[in-house]
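Everything below concerns the one structure shown next.
Throughout, protein chains are lettered first and strands after them, A, B, ... in sequence-line order, and every chain is numbered starting at 1. Since the structure is predicted, the reported quantities are computational estimates derived from the model, not experimental observations.
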There are 2 protein chains.
Amino acid sequence: MANKSYHHGNLRNSLIEAGIELINQEGINQLSLRKVASLCGVSQAAPYAHFKSKEDLMGAMRDHVIGLFMEVLEKAAFSCSNQNDPRLLVEMGKRYVLFFIENPKYFTFIFSQHYMEVNLDLEGDDTKNFPPYQLFKTHAIRILGNMGMTYEKIEDGIISMWATVHGLASIATMKNVHYSKEWGEKIEDIIWNK
Amino acid sequence: MANKSYHHGNLRNSLIEAGIELINQEGINQLSLRKVASLCGVSQAAPYAHFKSKEDLMGAMRDHVIGLFMEVLEKAAFSCSNQNDPRLLVEMGKRYVLFFIENPKYFTFIFSQHYMEVNLDLEGDDTKNFPPYQLFKTHAIRILGNMGMTYEKIEDGIISMWATVHGLASIATMKNVHYSKEWGEKIEDIIWNK
DNA sequence: TAAATAATCTTTACGCTGTTAAGATTAAGT
DNA sequence: ACTTAATCTTAACAGCGTAAAGATTATTTA
C-alpha cells in the first residue's frame, strides 16, 4: 500500500488503521499523532492534510470501529429466524458484550469521549442516534410492542436492557475482573436474570 | 490554608482538591500537573515532593472522589429501615446513578482508567474489591440470600443489578443524551423494570 | 541551644507532544 | 504545457511530564 514515492497514496485510511492498531497494542493513553504518522512512514505534519486535528483523526477511527461493531450486531439480529422473538434482543446483547470482551481496548476508546447522540425517548429525532443503540432500539420497539407492552413499559424496558448490556460490557472489560465463569456461556443467564 | 511562606503547609491535600476542581471545570483531558501546581501557587516540580508521578496524584484524587461516593452509598443503605428489604438495593442503585448525574465528570474520571479490583464471584478474595461494588455486594448477598435464592441466582443477580445500575450511570452521563423524563423520578422505575 | 538531617520547594533542562507556517513535490485539470 | 490544487517535508513554537541540582525551612539529634 505504501510505496516510496513522495505521496503515500492511501494515507488517510492508513492513519486510521495504524491508529486503531496502536490503541490495540499500547492503549489509548499511548496514542500520539507522531507515532501514527511514523508508523505510516510519513512526517509528523503529514496527517494534517487529511485531518484537521488529532481529535478529528480519532473521530474517524471511532467511526471505523463502530462500523465493525455494527456488522456484528446486524449479523446477530439478521441470524435470528423469528424477528419477533425477544431472544433476538438477548442475542444482540450477548454479541454487544462479547465484542468488547474480544476487543477490550475499544470500549474505553469509544466511550471515554462520548460525542454520540443518544435519544432515549420513543419519540423525537433518531437520525443522529449512536448507531448501535439505534439498531437495538428499532428492534426493541418492534418486539416489545408485539408483546403488548404499554408505551411507558417499552421505553423503560429499552433503557433498562441497554443499561444492563452496556454495563455488563463495561464491567467485563475492566482491568482486574475476577470471574470464574466463561463470559460467553454466562452472559445470557445474566441478562435473562432481569 | 496557603500562606506566602516558602513551604505551602498543606500542599498534598491542596493538589488533590485543586486537581478534582480542575476536572470539574475543564474536564479530564485538560488536567495537567503544571496547571494544578499553578493553582496551588507552587512551581511545576513541587508536586513531586508528594507524588511520584501524575498517575500517582490522579490515584489519590480518585480515592478522594470514591470516598465521597462511598458516603452517599453508605448513607443510602443506612437510611433504610428494614435491612432485609430488597428496596435497599434499589435505593443504593438510585443513589449510585444520581451521584454521577450530579457529578458527571467523575464518571469518566473514575472509570476511564479502571485500576480497581472487581471480584464477581461469591467466593474469593474481596479485600481489594472496588469499595462501592463491595458495599453493594455485601448488602446484596444478605438480602438475596434471605429471599431464598440459589447460590447461582444470587451471583447472577448481583452482576445483573450492578451492570444495570452502572450502565444507567454511564448512559445518563453521556454528553448528548436526550431524555424527556426527570432521572431522579424515573431511575427506580427503570431499575424495577428488571 | 547548636548542629545535622530531612522535607519541601525553585530553577533549569530534556525529550515528547499537538499544531502551525513556509516551502517542496507531485497529481489533476485546463 | 501550464496552472492549480493536493499532498508531503522541514522547522519552529508552546505546553507537557519528569529528572537533577540546589535553595529554603522544618525537624531531629547531640
Side-chain angles (χ1 to χ4, degrees), chain A residues 1-64 105 108-109 112-113 115, chain B residues 1-64 105 108-109 112-113 115:
Chain A
M1 202 69 89
N3 45 22
K4 296 149 204 163
S5 67
Y6 191 92
H7 287 74
H8 181 285
N10 191 26
L11 184 55
R12 203 192 125 92
N13 289 331
S14 293
L15 289 168
I16 292 172
E17 285 169 20
I20 292 172
E21 184 64 19
L22 194 55
I23 283 186
N24 271 324
Q25 304 220 334
E26 303 188 17
I28 193 171
N29 289 336
Q30 316 303 324
L31 177 73
S32 85
L33 255 181
R34 293 165 106 108
K35 277 188 197 168
V36 175
S38 175
L39 284 172
C40 294
V42 295
S43 77
Q44 60 197 253
Y48 287 89
H50 303 275
F51 303 99
K52 69 184 213 295
S53 67
K54 182 187 181 184
E55 268 310 303
D56 194 27
L57 168 59
M58 288 177 72
M61 289 163 54
R62 202 160 32 234
D63 288 344
H64 190 262
K105 298 279 173 61
T108 309
F109 172 54
S112 63
Q113 305 130 308
Y115 295 131
Chain B
M1 202 69 89
N3 45 22
K4 296 148 203 164
S5 66
Y6 191 90
H7 288 74
H8 181 285
N10 192 26
L11 185 56
R12 204 193 124 93
N13 289 330
S14 293
L15 289 168
I16 292 172
E17 287 169 19
I20 292 172
E21 183 64 20
L22 194 54
I23 283 186
N24 271 324
Q25 304 220 336
E26 303 188 15
I28 194 172
N29 290 336
Q30 316 303 324
L31 178 73
S32 86
L33 254 182
R34 293 165 106 107
K35 277 187 198 169
V36 175
S38 175
L39 283 173
C40 294
V42 295
S43 76
Q44 60 197 252
Y48 287 90
H50 303 275
F51 303 99
K52 69 183 213 296
S53 67
K54 181 188 181 184
E55 268 311 303
D56 194 25
L57 167 59
M58 288 177 73
M61 289 164 54
R62 202 159 34 235
D63 288 344
H64 189 264
K105 298 280 173 58
T108 309
F109 173 54
S112 64
Q113 306 129 307
Y115 295 130

Just the table, please: protein N/O against nucleotides 13-17 of chain D N/O, every pair under 3.5 Å.
unit_1 : atom_1 : unit_2  : atom_2 : d
D:dC16 : OP1    : B:Ser32 : OG     : 3.2
D:dG17 : OP1    : B:Leu33 : N      : 3.0
D:dG17 : OP1    : B:Lys54 : NZ     : 3.3
D:dG17 : OP2    : B:Leu33 : N      : 3.0
D:dG17 : OP2    : B:Arg34 : N      : 3.3
D:dG17 : N7     : B:Arg34 : NH1    : 2.4
D:dG17 : O6     : B:Arg34 : NH1    : 2.9

field: Residues forming a salt bridge (charged side-chain N to carboxylate O under 4.0 Å, His left out) with A:Glu26, sequence neighbours excluded
entry: A:Lys35
message: Holding to side chain to side chain contact (heavy atoms under 4.5 Å, CB included), I want the full list of residues that pass it with B:Asp63, two or more places apart in sequence or in another chain.
response: none
message: Measuring from atom NE2 of B:His8 to atom SG of B:Cys40, what distance do you get when rounded to the nearest 0.5 angstrom?
response: 5.0 Å
- line: Nucleotide by nucleotide, nucleotides 21-30 of chain C touches protein heavy atoms under 4.0 Å in the pattern (B base, S sugar-phosphate only, - none) B-BBBS----
query: For the pair made of CG in B:Asn29 and P in C:dT17, what is the distance, rounded to whole Å?
result: 17 Å
message: Can you measure A:Leu57 atom CG to C:dT17 atom P for me and round it to whole angstrom units?
response: 14 Å
task: Report yes if the side chains of A:Ile23 and A:Met61 come closer than 4.5 Å at any heavy-atom pair, otherwise no.
output: yes
message: Both A:Lys52 and B:Ala46 contact DNA chain C. Which one's nearest nucleotide lies toward the 5' end?
response: B:Ala46
field: side chain to side chain contact (heavy atoms under 4.5 Å, CB included) against A:Arg12, all qualifying residues, sequence neighbours excluded
entry: A:Ile16, A:His50, A:Phe51, A:Ala60
message: Please confirm whether the shortest side-chain N or O distance from A:His50 to OP1 or OP2 of D:dC8 is below 4.0 Å.
response: yes
query: Rounded to the Å, how far apart are A:Glu55 CD and C:dT17 C1'?
result: 14 Å
message: What I'd like to find out is whether the side chain of B:Met58 reaches to under 4.5 Å of the side chain of B:Ile28, using heavy atoms alone.
response: yes
statement: Separation of D:dA19 atom C1' from B:Phe51 atom CZ, nearest Å, is 18 Å
field: side chain to side chain contact (heavy atoms under 4.5 Å, CB included) against B:Ser38, all qualifying residues, sequence neighbours excluded
entry: none
- prompt: For B:Asn10 and C:dT8, what is the distance between atoms CG and C1' respectively, to the nearest whole Å?
  reply: 13 Å
